[in-house]
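Below, all heavy atoms of this structure are taken into account, side chains as well, without hydrogens, waters or symmetry copies. These numbers were taken from a predicted model, which means no experiment stands behind them. Lettering follows sequence order; numbering is per chain, from 1.
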Protein chains: 2
Amino acid sequence: MGRRAVVPEQVRAVMAGGGRHCWTLAELQEGLGALGVVPDPSTVFRAVGRLEASGVVRRVELDERRAHFELAGEHHEHLVCDGCGEVEAVPCALVVTWVEEVRRECGFEVSDHEVLLRGRCRRCRRPGQQP
Amino acid sequence: MGRRAVVPEQVRAVMAGGGRHCWTLAELQEGLGALGVVPDPSTVFRAVGRLEASGVVRRVELDERRAHFELAGEHHEHLVCDGCGEVEAVPCALVVTWVEEVRRECGFEVSDHEVLLRGRCRRCRRPGQQP
DNA sequence: CTGGATGCAAATGTTTTGCAGCATG
DNA sequence: CATGCTGCAAAACATTTGCATCCAG
């Protein structure tokens, strides 16, 4: 019964394959285009919505203008470079201690965290390469 | 020469006075209304823009739907409660050590940070008060 | 047939800009 | 006067929804 959903799996493939840590809807659509698929924006929107509901994809609060998503299994903290705008990632580890302290001192039960660090990446810190 | 800008200072007053940690443009306009001023949304937008440019106000990436702002001097980390939606704040301290480690291990020079913790606040953890 | 995914178009909500008017120095 | 803030209106932009269609079981 019903039609089989194909776009969500393609979106997942794009996110797993690309050299990007987090994706906007437009970037996902562009990535799908590279696979020869050109779905409607609303279809991408709904596909990501389903992936998010099923826990495969995670919403990331990175930029207040557009939504960003990443694969849920790949959670990491984000380093946004003021120079080139690239988004690096580092695995989250130290945050755990911070979370503990918040629970103890504020009575706040943390279930999810997001760390955003802005600054200059190694490349942009090298002189002669500033954008 | 020129007209003296009045709205930016009023916006600043609202942010300094209210019991809120960060403000959307709409919330700022509402706050201004409580002071008897009802400027146009675009005026609030430009006022915040000026305050941000002059370093008085800081943009906070909290929700991807609307922009949030806080007073630059009052930076803190944010605790967003999944229950009531309230935004608490804790002063940032431990983040410094984390920042150090990122610089050392990733070569990333951090100039700004933002920590977002989601979970349940003390009140919402108490049974019988879940929204 | 039936249920669900998809495309198209339009609604929504917020941010952003263009332009004319006006107040202030 | 000349500068630059302000309001009004509209544009721009991304998200979200309604509806008709199409496809697989």
Which nucleotide wins on minimum distance to the side chain of A:F45, given the candidates C:dT16, D:dG4, D:dT15? D:dT15
Taking only N/O atoms, report every protein-nucleotides 8-11 of chain D pair under 3.5 Å with atom names and distance.
from, atom 1, to, atom 2, distance (Å)
D:dC8, N4, B:S42, OG, 3.0

Nearest to the side chain of A:V7 - D:dT16, D:dT6, C:dT6? C:dT6
Assess the residue pair A:V11 and A:V48 against the criterion (side-chain contact (heavy atoms from CB on, under 4.5 Å)); give the C-alpha distance rounded to whole Å, side-chain angles, the decisive distance to 0.1 Å, and a yes or no. CA-CA 7 Å; A:V11 166; A:V48 172; 4.2 Å; yes
Tell me if the side-chain of A:R3 makes a donor-acceptor pair with the base of D:dC23, cut-off 3.5 Å, by modelled atom types. no
Hey, are A:R58 and A:E52 close enough for a salt bridge, meaning a charged N less than 4.0 Å from a carboxylate O? no
How many Å lie between CZ on B:R66 and P on C:dT16, as a whole number? 15 Å
Separation of atom CD in A:Q29 from atom C1' in C:dT6, rounded to whole Å: 13 Å
Grab the CG-P distance between A:L32 and C:dT6 for me, whole Å please. 11 Å
Between P on C:dT6 and CD on A:E9, what's the gap in Å once rounded to a whole number? 12 Å
Report which part of the nucleic acid A:A67 touches: base, sugar-phosphate, or nothing (heavy-atom distance under 4.0 Å, all strands). sugar-phosphate
For the pair made of CG in A:L28 and P in D:dA14, what is the distance, rounded to whole Å? 14 Å
Between CD of B:E70 and NE2 of B:H21, what distance do you get to the nearest 0.5 Å? 9.5 Å
Looking at D:dT15, C:dT16, C:dA5, which one has an atom nearest to any side-chain atom of B:R59? C:dT16
Compare side-chain N and O positions of A:R4 against OP1 and OP2 of C:dT6 and report whether any pair is under 4.0 Å apart. no
For B:E61 and A:L62, run side-chain contact (heavy atoms from CB on, under 4.5 Å): C-alpha distance rounded to whole Å, both residues' side-chain angles, the deciding distance at 0.1 Å, then the answer. CA-CA 6 Å; B:E61 314 290 345; A:L62 198 62; over 6 Å; no
Could you go step by step and tell me if B:F69 and B:T24 meet the side-chain contact (heavy atoms from CB on, under 4.5 Å) rule? CA-CA 6 Å; B:F69 304 89; B:T24 66; over 6 Å; no
Nucleotide C:dT14, atom C1' - distance to CD of B:E27 in whole Å: 13 Å
Intermediate values then yes/no, side-chain contact (heavy atoms from CB on, under 4.5 Å), B:L25 and B:Q29: CA-CA 6 Å; B:L25 293 178; B:Q29 187 164 26; over 6 Å; no
Contact class for A:P41 (heavy atom, under 4.0 Å): base, sugar-phosphate, or nothing? nothing
Check the surroundings of atom CZ in A:R12: do more than 12 heavy atoms from other residues, nucleotides or ligands lie under 6.0 Å from it? no
Heavy-atom nearest nucleotide on DNA chain C for A:R50 versus B:R65: which residue maps closer to 5'? A:R50
